[in-house]
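Worksheet for the structure shown next.
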Amino acid sequence: MSAALRELPAISQPPRKRARLLVERALILIGLVNLGLVQEKKLIGDGHHRYLYLNHLLSTGELPDGDYSLIGPIFATPLWLLEKAFDAPMVIVPYYNIIFFCAALAAFTLMLRHRVEPSLLHRFLLLLISGSFVAAAVNDFYGEIFTLVAVGAGLMAAVIGRRGMRAAGWTAVVLGAANIPASLVGLGMVSTMEILRRQRLRILVVVVAGTALVGLEIWLRNGGYEGSHGARTIMPYSGLPRFSYPFVLGVAAILFSFGRGLLFFLPGLALPAYQRLRQVGGPELAQVYRLWVAFTAGLVVLYASWWAWHGGWTWGPRFFLFGILPASLVLAARIGHAGSALADLLTLAALGLSVWGAISSAVYYGHWPKECYGAGGIEELCHFTPEFSQLWVPILLKPPLDTIQSALLAYYVIVFLWLAAPVAGRLYHHTRQLTAGYWQTRSNWRF
């Protein structure tokens with residue numbers, strides 16, 4: 001299908017279809033304005049440490065010691081220079097992640113616009129912007145956005161790009177994976193899949209380069225996470241260092257816990273879509289999806305045994321932000337193409353859950369339960385119990401909204417209704433077909 005799309009003559013779209021595309025572009029633009037200008041930018045946690053590392057390097061010319069990689073932050077140098085020029089420290093650099101995220105959207109658009117239908121591309125972009133918990137990640141200086149952009153766009157370029165683009169894509173993948181050392185497992189899984197598919201052993205260079213880059217930075221900066229551990233709490237495996245969490249329990253928590261579980265925050269990952277993606281985007285796009293899933297699976301495998309698998313004081317499963325790429329692509333493909341009644345029902349449920357995650361991360365972000373994060377709070381309540389999950393606590397607390405938050409809530413509801421309309425329409429027809437026989441039989445009843 002992708003080849004056929006490239007060969008189509010440039011013809012004007014029907015008015016109705018053209019209007020639909022304009023509405024989707026408007027929703028995308030409003031979503032970007034929200035992420036870029038409405039959401040508050042800040043420096044917290046290890047994002048603040050990364051800023052301090054960058055500031056030390058650029059101010060003194062010396063590499064600072066530290067655990068968090070400088071590979072991603074170094075690309076924020078132009079923003080740091082603007083801060084110096086305007087004497088505005090810690091004001092411009094916090095916009096780095098949203099700028100980088102927009103660069104990823106542009107890259108996806110350029111690579112897919114002649115390969116898939118515009119409606120599929122628009123839905124994919126809209127789901128990334130307003131149907132995922134990305135709002136919680138673009139407001140700080142954490143490293144996950146850089147890895148999402150570099151690895152996500154890099155893999156797409158490596159699979160569907162021409163020769164020169166492929167080399168650039170793999171370079172970006174190496175940088176993105178090295179930015180978060182835990183990503184090396186995902187990098188290994190991705191490389192293995194591509195070696196088997198292309199039968200080219202030279203792809204092993206990607207793993208070697210990523211591992212060498214991580215090792216070099218640790219050596220130069222006296223980094224690493226030796227001795228890293230959390231506080232001792234009521235939880236039986238708390239306070240232990242490094243990879244001390246039982247693997248099986250870690251996998252179960254990462255996938256199914258109410259406060260961090262990917263099933264609730266990234267429901268699209270649970271839906272099959274490979275064959276459908278082959279139909280709507282060709283084998284290359286389907287392969288990109290498989291590589292994205294493999295990279296996400298590598299993160300799950302690595303973090304399952306890490307003492308801080310939950311990501312600590314953060315919103316949602318921060319370590320697994322990369323998963324919004326395959327989850328959004330799955331939903332975009334399933335929304336626009338008919339399936340069985342059960343398949344459409346599951347798609348609608350996953351879409352609703354995804355948009356609700358976007359609402360919780362953007363509209364209700366500041367409402368963190370004091371039972372978890374206040375003085376004497378038990379953080380694990382927010383990890384495991386539905387009542388205190390950041391995804392569900394707005395329903396429990398029912399916090400009042402100001403004018404801007406109310407407008408944002410209305411915007412997200414519109415996004416959901418717009419994306420859900422095709423699926424809801426198909427479900428209506430499924431229902432009519434299923435009940436047609438019943439009503440026909442009933443019409444024959446007499447007193």
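No more than 12 heavy atoms of other residues, nucleotides or ligands shown are found within 6.0 angstrom of CE on M165. Enclosure of atom CD1 in I404 is not indicated, since only 12 or fewer non-hydrogen atoms of other residues, nucleotides or ligands lie within 6.0 angstrom.
The main-chain N or O of P241 is found under 3.5 Å from a side-chain atom of S244 such that the two form a donor-acceptor pair. When atom types are taken as modelled, the side chain of N139 and the backbone of A135 share a donor-acceptor pair closer than 3.5 angstrom. Side chain of D344 to backbone of L427: no donor-acceptor contact under 3.5 angstrom is found. At distances below 3.5 Å, at least one donor-acceptor pair connects side-chain atoms of E83 with backbone N or O atoms of M90. Formation of a donor-acceptor pair under 3.5 Å by the Y411 side chain with backbone atoms of L27 is found in this model. Side chain of Q433 to main chain of H430: no donor-acceptor pair is present (N/O by atom type, distance under 3.5 Å, no hydrogens or angles). Judged by distance alone, the side chain of E144 and the main-chain N or O of F319 form no donor-acceptor pair under 3.5 Å. No donor-acceptor pair under 3.5 Å is formed between the side chain of S389 and the backbone N or O of T385. The backbone N or O of I160 sits less than 3.5 Å from a side-chain atom of R115, completing a donor-acceptor pair.
Expressed to the nearest 0.5 Å, how far CD1 of I180 lies from OH of Y142 amounts to 12.0 Å. Taking SG of C102 as the reference point, atom CG of L35 lies at 7.5 Å (rounded to 0.5 Å). Atoms CG and CG, from L401 and L408 in turn, are 9.5 Å apart once rounded to the nearest 0.5 Å. Once rounded to the nearest 0.5 Å, the distance linking CZ of R426 with NE2 of H337 reads 9.0 Å. Going from atom CH2 of W307 over to atom CZ of R242 covers 13.0 Å, rounded to the nearest 0.5 Å. Between atom CG of residue L329 and atom CG of residue L112 there is a gap of 8.0 Å, rounded to the nearest 0.5 Å.
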Could you walk me through whether I359 and L409 pass side chain to side chain contact (heavy atoms under 4.5 Å, CB included), step by step?
CA-CA 7 Å; I359 292 172; L409 180 59; 3.8 Å; yes

Check: Going through the distances and angles, do D140 and R318 end up as a salt bridge (Lys or Arg N to Asp or Glu O under 4.0 Å)?
Finding: CA-CA 12 Å; D140 52 46; R318 171 170 72 98; over 6 Å; no

### Task
Walk me through it: do L302 and W309 pass the test side chain to side chain contact (heavy atoms under 4.5 Å, CB included)?
CA-CA 9 Å; L302 190 285; W309 59 267; over 6 Å; no

Check: Would W392 and E387 satisfy side chain to side chain contact (heavy atoms under 4.5 Å, CB included), going step by step from the backbone distance to the final call?
Finding: CA-CA 6 Å; W392 307 115; E387 295 89 345; over 6 Å; no

Pair L348-F416, side chain to side chain contact (heavy atoms under 4.5 Å, CB included): steps then yes or no: CA-CA 10 Å; L348 188 62; F416 170 73; 4.3 Å; yes

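Between I74 and I71 the shortest side-chain heavy-atom distance does not fall below 4.5 Å. With a 4.5 Å cut-off on side-chain heavy atoms, L127 and L351 count as touching. Side-chain contact between I28 and L105 is absent, with no heavy-atom pair separated by less than 4.5 Å. Side chains of I98 and F101 form a contact here, defined as non-hydrogen atoms less than 4.5 Å apart. Proximity of V393 to W368: side-chain heavy atoms (C-beta onward) are nowhere separated by under 4.5 Å. Looking at heavy atoms from C-beta onward, V134 lies out of side-chain contact with L128 at the 4.5 angstrom threshold. Within the 4.5 Å cutoff, the side chain of W170 has heavy atoms near those of the L155 side chain. Contact annotation: the side chain of F295 approaches that of L299 to within less than 4.5 Å [non-hydrogen atoms, C-beta and beyond].
Partner of D46 under the side-chain hydrogen bond (donor to acceptor under 3.5 Å, both in side chains) criterion, chosen from H48, H49, R50: R50. Of the options Y95, Y53, Y96, a ring pair (Phe, Tyr, Trp, His ring centres under 6.0 Å) to F141 is made by Y96 and by none of the others.
R166 is linked by a side-chain hydrogen bond (donor to acceptor under 3.5 Å, both in side chains) to nothing, counting only residues two or more places apart in sequence or in another chain.
Between P394 and W356, the closest heavy-atom pair is CB-CZ2, 4.2 Å. The nearest pair of heavy atoms linking A333 to V280 is CB-CG2, 4.4 Å. Heavy atoms only, all atoms of each residue included: S361 and Q39 are closest at O-OE1, 4.4 Å. Across all their heavy atoms, F146 and G176 have their closest contact at CE2-CA, 3.9 Å. Counting all heavy atoms, side chain and backbone alike, S354 lies closest to L331 at OG-CD1, 3.5 Å. The two atoms that bring T147 and S183 nearest to each other are CG2-OG, 3.9 Å, heavy atoms only.
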Sequence neighbours excluded and cut-off under 3.5 Å, please list the side-chain donor-acceptor pairs for residues 258-271, or say none.
{"from": "R260", "atom 1": "NE", "to": "H310", "atom 2": "O", "distance (Å)": "2.7"}
{"from": "R260", "atom 1": "NE", "to": "G316", "atom 2": "O", "distance (Å)": "3.4"}
{"from": "R260", "atom 1": "NH1", "to": "Q390", "atom 2": "OE1", "distance (Å)": "3.2"}
{"from": "R260", "atom 1": "NH2", "to": "G312", "atom 2": "O", "distance (Å)": "3.0"}
{"from": "R260", "atom 1": "NH2", "to": "T314", "atom 2": "O", "distance (Å)": "3.2"}

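Classification of the W292-F322 ring pair by plane angle, with boundaries at 30° and 60°, yields perpendicular.
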